[in-house]
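Below you'll find the structure, written out as structure tokens, and then a few comments.
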Amino acid sequence: MNKKQKYQTSTEGYGINVTKGGLTATFPNIRHTREPRASYNAQTGDLWLTSSAMEGTGVRVEWLHQMRFGDNDLAYVKTEVNPYGVQQELLQRLAYSIDGETISLYDGDKLLATVTNTVKNMGGFDAEQPLWIGEQLYYDVSSGDPKVVFTPGVAFTTGLVLTYDDMPELSVPITIDENGLFTLHEITMVAKP
């Protein structure tokens, strides 16, 4: 097998193991590519786990898994958040305006960010759909309370890829009720390091 063939093997079906104490539960349908992250919230008993929905050059889309442990300490998936549902909710909330090369993003009437496009070799903004949400959508679970992190992509008249060069990273806390339904809260801009 040459190097190229070696890295073309899909990880789908390889799954993950979750261990608590001496018990291990296997989840063969959770993909563990692109650095999955996990965080345990001891107050709620939630283990938040991220996994890949799809990935590639310029693409990072994740599932969010809310896991719990039964009386016997065996892990189980309580809820999974489908990235498509989150994308659809964000599309309902996020608005934009474009004035020349200036793009302004809004959550309803609240201004989230204003950026200036510096990409000059892709033609003008696509007339039908200049902004897209969904190819950069992942989770920050580092605090024990998950947040959706996403970056809107810009579509131009030339080229078949979205660009993210000047776009801000946005974050929104997500909560999940006992029925597995999620709620997205206030959207904010992620501060650049």
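Atoms considered below: every heavy atom in the structure, side chains included; atoms not considered: hydrogens, waters and symmetry mates. Model, not experiment: these values are computed from the prediction. Numbers here are sequence positions counted from 1.
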> For the residue pair T157 and G123, what are the closest heavy atoms and their distance?
Replying inline: OG1-CA, 3.6 Å

>> Less than 4.0 angstrom from a charged side-chain N to a carboxylate O is my criterion; do K147 and D140 meet it?
In response: no

> Which pair of non-hydrogen atoms, one from S104 and one from L111, has the smallest distance, and what is that distance?
Replying inline: CB-CD1, 4.0 Å

> Taking the side chain as C-beta and beyond, is there a heavy-atom pair between P130 and V154 under 4.5 Å?
Replying inline: no

> Roughly how far, to the nearest 0.5 Å, is the CD atom of E101 from the CG atom of D99?
Replying inline: 10.0 Å

> Hey, is the main chain of M54 close enough, under 3.5 Å, to the side chain of R60 for a donor-acceptor pair?
Replying inline: no

> Are Q136 and T151 close enough that a side-chain donor and a side-chain acceptor fall under 3.5 Å?
Replying inline: no

> So does D177 have more than 12 non-hydrogen atoms from other groups sitting under 6.0 Å from CG?
Replying inline: yes

> CD/Q66 to CD1/I176 distance, rounded to the nearest 0.5 angstrom?
Replying inline: 4.5 Å

> Quick one: do L137 and L64 end up in the same hydrophobic cluster if we chain Ile, Leu, Val, Met, Phe, Trp and Tyr together by side-chain heavy atoms under 4.5 Å apart?
Replying inline: yes

>> Does any part of the side chain of Y40, heavy atoms only, come nearer than 4.5 Å to the side chain of F69, both counted from C-beta?
In response: yes

> How about T50 and H65: does a side-chain donor come under 3.5 Å of a side-chain acceptor?
Replying inline: no

> Does some side-chain heavy atom of T183 sit less than 4.5 Å from a side-chain heavy atom of I174?
Replying inline: no

>> Minimum heavy-atom separation for P83 and A53, please, with both atom names.
In response: CG-CB, 3.8 Å

>> Please say yes or no: joined through hydrophobic side-chain contacts below 4.5 Å, possibly via intermediate residues, are Y84 and L91 part of one cluster?
In response: no

> Which pair of heavy atoms, one from P168 and one from A113, lies closest together, and at what distance?
Replying inline: CG-CB, 3.8 Å

> Among the clusters formed by ILVMFWY side chains lying less than 4.5 Å apart, do I30 and V141 turn up in the same one?
Replying inline: no

>> If I take atom CG from residue N117 and atom OG1 from residue T163, how far apart are they, to the nearest 0.5 angstrom?
In response: 6.5 Å

>> Checking the side chain of S143 only, and the main-chain atoms of D145 only, is there a donor and an acceptor separated by less than 3.5 Å?
In response: yes

> Can you find a heavy atom in the side chain of P152 that is under 4.5 Å from one in the side chain of L170?
Replying inline: yes

>> Do T114 and I103 make a side-chain contact, defined as non-hydrogen atoms from C-beta onward lying under 4.5 Å apart?
In response: no

>> Just so I know, are the side chains of F150 and Q87 near enough to count as touching, which here means a heavy-atom distance under 4.5 Å?
In response: no

>> Under a 3.5 Å distance rule, please check whether R93 uses its side chain to pair with a backbone N or O of Y106 as donor and acceptor.
In response: no

>> Once rounded to the nearest 0.5 Å, what's the spacing between atom CG of L181 and atom OG1 of T175?
In response: 10.5 Å

>> Quick check: do L47 and R68 have side-chain heavy atoms less than 4.5 Å from each other?
In response: no

>> Assess the residue pair T158 and N121 against the criterion (side chain to side chain contact (heavy atoms under 4.5 Å, CB included)); give the C-alpha distance rounded to whole Å, side-chain angles, the decisive distance to 0.1 Å, and a yes or no.
In response: CA-CA 8 Å; T158 305; N121 60 349; over 6 Å; no

> Below 4.0 angstrom, N of the basic side chain to O of the carboxylate: do E178 and K78 qualify?
Replying inline: yes

>> I'd like to know if the side chain of D107 reaches the main chain of L94, judged simply by a donor and an acceptor atom lying under 3.5 Å from each other, with no hydrogens or angles considered.
In response: no

>> Is it the case that the ring center of F156 lies less than 6.0 angstrom away from the ring center of F125?
In response: yes

> Given side chains that start at C-beta, do those of M67 and K20 come closer than 4.5 Å, heavy atoms only?
Replying inline: no

>> If you apply the rule side chain to side chain contact (heavy atoms under 4.5 Å, CB included), what do you find for L105 with M167, and how did you get there?
In response: CA-CA 10 Å; L105 300 171; M167 298 303 288; 4.0 Å; yes

> Would E186 and K110 pass as an ion pair if we require N to O under 4.0 Å?
Replying inline: yes

> What do the steps show when you test N17 against T24 for side chain to side chain donor-acceptor pair (under 3.5 Å), and what is the final call?
Replying inline: CA-CA 6 Å; N17 292 326; T24 299; over 6 Å; no

> W48 and D46: which non-hydrogen atoms are nearest, and at how many Å?
Replying inline: NE1-CB, 3.6 Å

> More than 12 heavy atoms of other residues, nucleotides or ligands under 6.0 Å from CD of Q92: is that the case?
Replying inline: no

> Strictly by modelled atom types, are T188 and S171 linked by a side-chain donor-acceptor pair under 3.5 Å?
Replying inline: no

>> In this structure, would L90 and L162 fall into the same cluster of hydrophobic residues linked by side-chain contacts under 4.5 Å?
In response: no

> Any side-chain donor-acceptor pair under 3.5 Å between D166 and T118?
Replying inline: yes

> Has the side chain of D126 got a donor or acceptor atom that lies under 3.5 Å from a matching backbone atom of E128?
Replying inline: yes

> How far apart are the closest heavy atoms of S52 and W63, and which atoms are they?
Replying inline: O-CD1, 4.0 Å

> Should M189 and V86 be regarded as members of a common hydrophobic cluster, given that ILVMFWY residues are connected when their side-chain heavy atoms come within less than 4.5 Å of each other, either directly or indirectly?
Replying inline: yes

